[in-house]
> 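The structure that follows is given in the form of structure tokens.
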Amino acid sequence: MANAKTPAAGHTTRPLKAFVSRLVFVLSVSVFVAGVGLGVYESWSEERRLPPIYIDYTDEIEELSQSTDYERTIEELWLAAKLDHFAHRPRHFFDLCRTGFRANDRKTMREGLEGLRLLMETGGSADSRIHFYLSVAISLQPDANKDDLFEALGYADQATQEQPDFAPAHVQLGQLFAILAVGENKQVDVVELQRAALCCETALAIDPSNTDAARTLSEIQQILRSLPSSDRP
Amino acid sequence: MKKSRTSSIASRLAGRTFVHPVFDYLLIGGGASLVVAAFVYARQGEALINIEMLPVFILFSNSAHFAASTVRLYTKPDSFKSLPFVTMLLPFVMLALLTICITWARQCGSHLQAIYLTWSPYHYAAQAYGLAVMYAYRSGCTLGKTDKRWLWWASMLPFFYVLIYGREGGLHWLLQTFVAEEGIGYFSWSPVLNSFSTVLAQIAFLLPAFAFYSIARGEGGSLPIISMLLIVTNGIWWYLLPALNAFAWATIFHGIQYLAIVLIFHLRDQMGRAGNRHGAAYHVAWFYLVSFALGYGLFQCLPFAYRWIGFGMLESYLLVSAAINIHHFIVDAYIWRLRGSDSNRRIVDPSLA
């Protein structure tokens, strides 16, 4: 009986409930309006423009992935890989792998590569550069063996076919040809080295400012020049 | 005599539209999206428009449609009285939930995302089902319990498909959360389940045809073609467009579909109000502009407010979007009800007006 509501009690609770509901509603609307205002202010004060139609949230990550604060970078990249269900996810795993390489953090490098592999195996990527990312991620692994490099070569080749005007993919392919041509315990494979040089030349034709392509090409030419004249092309 | 019988069958199959058959079939039924899907398919996923233009389409259609449910909620006659929780308390609950998820993005953020991505195909399917039933009802087709069940299953198959095979939510998320960290491996260890996906996609197109046939054979009258179109279109959105990396078009056309129908309901309510002094163009323009402005505020401005507080743009933008989606799904579950004396009922069936 103690819990039974008397008509009088119901009469008092109802207006109170309505008042609280209205108060909460007014509060929410005020917070929202203030939030929109703050958002406009933040965008204007930082970028001198209204919030853009397309918010590129990868800018901050891109910036962060260049920093030497590896611990924070890795943490942020993991969050990005976890939350981002759009096409940028392969990029986050790729950046994880590269940051792991720079930080000499094998675990992160391996996890970045695993993330990329899973995305590709499950078809979970709309990013046309996933093969390029995979190729680089595999070749960055400290324990990559010859078979791994061949796998990376296959991905790089695929990447050049998918995006023929993407210079870094040609450089990657060239570098892999060169590494495999000058492999351990093996005679230098001149034909492969020439292929590597051709890839770098293609990359330079697409983007003359590509320093990686220029450097690799010059190293390949140096190796070719150092070969005995009978081995030279 | 024969001619008039043929035209009567044709008009029965076309159904009773809200505006004009061309308008209803292209925008609400999703006919226009099928044309775009055909173009995308013919070009094998090559972008139809400049990629930089896509956010503009999304802003004008998709963002505005999310906001439209909120605008409809607060402009619908008697909504504060009939839906006190949704109108007055839900905004606070969502703001609090969003702030909690952004603050603990690592722990909660991905779950908020997964809930939204699991719910989204259900929302699309429910919209297709609701509109299909609405057109049946308007066109004088009486659906029995079994008919409704068939239609419901036909509409829900794309949802079940995404629930099982979706990588960002559904079963995969549940497995990853409750069973094993390597939930993603579920795809590779389940070849049987994977081979079933094609069968499920085929059933999803056969079932609507079966439902149509079964209803036509019954005593309630035949289902208008637009009801079928709605269900089939939703299937194409979920089966074909993601495979062509063109799902953005599905979201754009889902937004257009929603905006078209919500505008019709808003317009009828406003025009029917005692003391209305404005014409149809005014109400349509007012509703769309308010929805557009609110959509811009929600999707474009609010993430910057969280950045101002000190959060990263990534979690601010992605989680604000997830929360808006979830709020939209909840609001939608209430504002389209046709029960009792709801004003929607009068609009769907003008004979009650």
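Throughout, a chain's letter reflects where its sequence line sits, starting with A, and its residues are numbered from 1.
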> For B:L314, which atoms come within 4.5 Å of any heavy atom of chain A: side chain, backbone, both, or neither?
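Both backbone and side chain.
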
> Which atoms of B:L117 come close to chain A, meaning under 4.5 Å heavy atom to heavy atom: side chain ones, backbone ones, both, or neither?
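Contact with chain A: side chain only.
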
> Main chain of A:P51, side chain of B:Q300: is a donor-acceptor contact present, judged purely on distance under 3.5 Å?
no

> Which atoms of B:F80 come close to chain A, meaning under 4.5 Å heavy atom to heavy atom: side chain ones, backbone ones, both, or neither?
side chain

> If you compare all heavy atoms of B:L302 against all heavy atoms of A:V36, which two are closest, and at what distance to 0.1 Å?
CD1-N, 4.2 Å

> Please classify the contact of B:P84 with chain A as side chain, backbone, both or neither, using a heavy-atom distance under 4.5 Å.
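Contact with chain A is absent: no heavy atom of B:P84 under 4.5 Å.
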
> Considering only heavy atoms, which portion of A:L50 lies under 4.5 Å from any heavy atom of chain B: side chain, backbone, both, or neither?
both

> Can you measure from CE (B:M313) to CD (A:E60) and round to the nearest 0.5 angstrom?
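Between B:M313 CE and A:E60 CD, I get 7.5 Å after rounding to 0.5 Å.
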
> Select one option (side chain, backbone, both, neither) describing which atoms of B:S316 are under 4.5 Å from chain A's heavy atoms.
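Neither the backbone nor the side chain of B:S316 comes within 4.5 Å of chain A.
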
> Drop me the distance from B:L95's CG to A:F32's CZ, to the nearest 0.5 angstrom.
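The distance works out to 8.5 Å.
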
> Heavy-atom pairs under 4.5 Å with chain A - which of B:F304, B:Y296, B:F85 has more of them than the others?
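Maximum pair count with chain A is reached by B:F304.
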
> Heavy-atom distance under 4.5 Å to chain A: side chain of B:Y74, backbone, both or neither?
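Only the side chain of B:Y74 comes within 4.5 Å of chain A.
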
> Restricting to non-hydrogen atoms, name the atom on B:C301 and the atom on A:V40 that form the minimum distance, rounded to 0.1 Å.
SG-CG2, 3.8 Å

